[in-house]
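Below: one structure, written as structure tokens.
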Amino acid sequence: MQIETTPGGRKIAVQLEAREFDWEFTPGRSIRGFGFAGQVPGPLLEAEVGDTLVVELTNRLDQPTTIHWHGLRLPAPMDGTEAVQRAVAPGESFEYRFVLPDAATLWYHSHVNETEQVERGLYGALVVRGSDEPAVDGEQVLIFDDLKLRADGDVALFGDEHEHHAGREGDVRLVNGRQEPELEISAGQIERWRIVNAANSRYVRLSLGGRPFSVIGTDGGLIGEPRELTEVLVTPGERVDLAVGPFEEGELLDVTALPYDRGKGESEPERFATLRVGPAAPSQADVPRALREIEPLVDSSASPTRTIDMKALMHGGHHQRGEPVRVGDLQVWDLINETGQDHPFHLHGFFFQVVTEDGKPRSFSSWEDTVNVPSNGQVRIAWLPDDRPGEWMYHCHILEHHAMGMMAHFAVVS
Ligand code: C2O
Ligand code: CU
């Protein structure tokens, strides 16, 4: 990462080579991974609001690829989908260049043959900081994922019938590309954990040994006020920022996914990592009671401007198109899920607010780009198309569902 200060602001230049490498996900065991810069996760990109990010992607794989900047409000041609660019062929390069408008935990991942490319490791985190972040004693970026291996230890083949329907889940649970690692925190300190769920389809109902933590951010950055919880659901594609601690020296906590039924039976509790609490260190942390002012776009009685039937979307195939959206026209979308599974709905390029879930107003204010629509449930979202016309899309972030065609393109027109 190269930082250059120009009269127009800071420019952050990064070279990202997508290539195969031996991914040692646990000592002594490796698979053939695909990594940006030959690592999983790809390099952590860090920037400040207003910086320009310039990424040169070079494709050293033997198949085409692109980078989608998940959660970024960037110009349409930089979105990394095949609707806005020709996929980068083996041996070719492509330059992504855009300004970073929002402070948030974001991520980047391949958007071509995603079920395989993301499973093999083509993803990384992008952290953009604002001028007024809560004071914490430390920060960790933790990307959750899983890997499905065959009995002989190699990556299981892609795309069997069951995967198409239910999504791909594996038994190897990873944080930052390593199997069930040990994390550390100093006793007495409060850290900000920026969590990304990069799994193809695994839901993570996150628990830190049952201890309370505060959710301070979601997809689109800080939320209105901290929410003190003992668990939080993070679906594929989503992020949460937590204020974690303080704990006491010597404690050892399990970082687990609690049982959850997303429509294929209840999962077992599954450990992703352990947290060891080390010797005490002084704390300067100060997480305010009010984090950010978020004006509601609409109230819960607003009528929808559009209804998206997730069942029809699931069976509609790759060439579905939504009606165009005009810049400045407030969008209120009802997402209706009459299928037997939950689906994480992801909108490219714009943040939305969740207005109601099953008719009930949401109890906290936030900006999101991905929201879980539970089986037989209904979620109303609102968003405002700002002046970035072009081709955009929405899809289910269970990557096998997306690959099957649970997606639609639409145009934002001025
Ligand atoms: Cu992270 Cu099209 O998605
Ligand atoms: Cu889905």
Side-chain angles (χ1 to χ4, degrees), residues 36 41-42 65-74 76 78-85 87 96 104-115 117-119 121-126 143-145 162-169 196-203 219-220 234-239 260-264 308-318 320 322 335-352 368-377 379 390-410:
F36 292 114
T65 194
T66 58
I67 300 179
H68 168 54
W69 302 92
H70 183 125
L72 278 99
R73 295 192 302 133
L74 37 64
M78 295 288 108
D79 195 39
T81 67
E82 289 190 276
V84 297
Q85 73 173 99
Y96 294 95
T105 303
L106 305 151
W107 67 299
Y108 59 98
H109 61 81
S110 140
H111 215 271
V112 174
N113 186 21
E114 278 173 303
T115 48
Q117 292 190 6
V118 174
E119 172 80 344
L122 281 176
Y123 61 75
L126 163 60
I143 309 186
F144 285 57
D145 189 11
H162 174 76
E163 272 182 20
H164 282 311
H165 183 72
R168 178 182 176 100
E169 290 193 13
V196 180
N197 185 345
N200 286 32
S201 56
R202 182 184 292 268
Y203 278 43
D219 299 341
V234 194
T235 69
E238 282 190 300
R239 285 86 64 214
Y260 187 80
D261 183 359
R262 61 176 178 87
K264 44 173 235 62
I308 295 178
D309 174 351
M310 309 281 281
K311 188 172 191 173
L313 191 68
M314 188 170 195
H315 300 291
H318 288 92
Q320 301 179 77
L335 314 173
I336 297 179
N337 178 6
E338 288 171 341
T339 76
Q341 295 184 55
D342 291 21
H343 301 283
F345 174 90
H346 171 46
L347 174 66
H348 276 216
F350 301 85
F351 290 121
F352 54 79
E368 311 288 343
D369 55 56
T370 306
V371 65
N372 188 46
V373 189
S375 170
N376 296 310
V379 174
E391 277 291 301
W392 297 99
M393 71 185 299
Y394 52 80
H395 61 83
C396 177
H397 219 287
I398 288 178
L399 298 183
E400 290 69 28
H401 291 174
H402 179 197
M404 212 177 61
M406 192 170 183
M407 54 176 279
H409 294 283
F410 68 98

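Along the sequence shown, residues are numbered consecutively beginning with 1. When a ligand or atom number is given, it counts from 1 through the structure's own listing order. Side chains included, hydrogens not; waters and symmetry mates left out as well; all remaining heavy atoms used. As the structure is a computational prediction, the values presented were derived from the model and not from experiment.
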* Can you tell me if His402 has an N, O or S atom under 2.8 Å away from the Cu ion (ligand 2)? -> no
* Asked: Within His397, is some N, O or S atom less than 2.8 Å away from the Cu ion (ligand 2)?
  -> no
* Option from His401, His395, Arg262, His397 for which side chain to side chain donor-acceptor pair (under 3.5 Å) with His343 holds -> His401
* Asked: Can we call the ring centroids of Trp107 and His70 under 6.0 Å apart?
  -> yes
* His346 and His402 aromatic centres sub-6.0 Å -> no
* Quick one: do Phe352 and Asp219 satisfy side-chain contact (heavy atoms from CB on, under 4.5 Å)? Show the steps, please. => CA-CA 10 Å; Phe352 54 79; Asp219 299 341; 5.8 Å; no
* To do: Please name the atom of His343, restricted to N, O or S, that is closest to the Cu ion (ligand 2).
  => ND1
* Closest His401 atom to the Cu ion (ligand 2) [N, O or S only] -> ND1
* Asked: Do any protein N, O or S atoms sit under 2.8 Å from atom 2 (Cu) of ligand 1, and which ones are they?
  -> His111 NE2, His348 NE2, His395 NE2
* Indicate whether the side chain of Thr66 and that of Gln85 have a donor and an acceptor atom separated by less than 3.5 Å. => no
* Ile143 and Pro41: which non-hydrogen atoms are nearest, and at how many Å? -> CD1-CB, 3.7 Å
* Asked: Is there a side-chain contact between Asn372 and Tyr203, using heavy atoms and a 4.5 Å cut-off?
  -> yes
* To do: Could you check if a side-chain atom of Ile336 sits within less than 4.5 angstrom of a side-chain atom of Met310, using non-hydrogen atoms only?
  => no
